[in-house]
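Working notes, structure below.
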Amino acid sequence: MWEDFRMRQVSVVWLVVLAALCVAIGWDTAGIKPLLLHTAVNLGLLLFLGGTMTVWQLMRRRSLREFFSTCFGAGDVVMMAVIAPLFAPLPYVRLLLAACAAALVWWLVKRPANIPLAGFIALILTGYAICKTTGIWS
């Protein structure tokens, strides 16, 4: 989270560690079959959303290369994919929407050139984990 906010990049090592933790936690809490099912459905949702975003950019006659190099980073997509094993589809979409809403509020206040979406996903995920661990959110 800190790297994305500060330097606008995330080390591959941290993403691999997070991916391993997400698979381990998902396996421990739900079991292997639900883990695989949730991961597949969530990745399918990401493909659908990515396809929809691509079609929207094409309808607006914008260059896909420009869009994906300047507007939507690969780190954001990888972060979304890495946390897919943790959630069933509905909570997964809620988490992504909460992260997007937080990023939008931050953008409205600061008006930066770009938004650290992976950092906001990590921030919302951290808040969720703290609430789940302490029993605030069951």
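In what follows, every heavy atom counts, from backbone to side chain, and hydrogens, waters and symmetry copies are set aside. If you read the sequence from its start, that first residue is 1, and numbering goes on from there.
With sequence neighbours excluded, the residues forming a ring-ring contact (aromatic ring centres under 6.0 Å, His included) with F87 are Y128, listed by chain and number. In this view, A102 and F120, I124 satisfy the side-chain contact (heavy atoms from CB on, under 4.5 Å) rule, not counting sequence neighbours. Taking V16 as the reference, V12 meet the side-chain contact (heavy atoms from CB on, under 4.5 Å) condition, with sequence neighbours excluded. Here L43 pairs with T39, L46, A81, A84 under the side-chain contact (heavy atoms from CB on, under 4.5 Å) rule; sequence neighbours left out.
Applying the ring pair (Phe, Tyr, Trp, His ring centres under 6.0 Å) definition to pairs two or more places apart or across chains, none involves residues 32-53.
Taking each heavy atom of C22 and P85 in turn, the nearest pair found is O-CB, 4.1 Å.
From L104, atom CG reaches atom CG of L117 across 11.0 Å, with rounding to the nearest 0.5 Å. Atom OG1 of residue T29 and atom NZ of residue K132 lie 8.5 Å apart, to the nearest 0.5 angstrom. Atom CE of M80 is separated from atom CG of L96 by 6.0 Å, given to the nearest 0.5 angstrom. In this structure, CG in L18 is found 10.5 Å from CD1 in I121, a value given to the nearest 0.5 Å.
Cluster annotation: V82 is connected to I25 through the hydrophobic network of ILVMFWY side chains, with a link wherever side-chain heavy atoms come within less than 4.5 Å. Note on L58: it does not cluster hydrophobically with L47, by side-chain heavy-atom contacts below 4.5 Å among ILVMFWY residues.
Two residues are said to be in side-chain contact when any heavy atoms from C-beta on lie closer than 4.5 Å; L125 and L86 meet this criterion. Within the 4.5 Å cutoff, the side chain of I83 has heavy atoms near those of the Y92 side chain.
Applying the 4.5 Å side-chain rule to ILVMFWY residues, one finds V23, W27, I32, L35 in the same cluster as L36.
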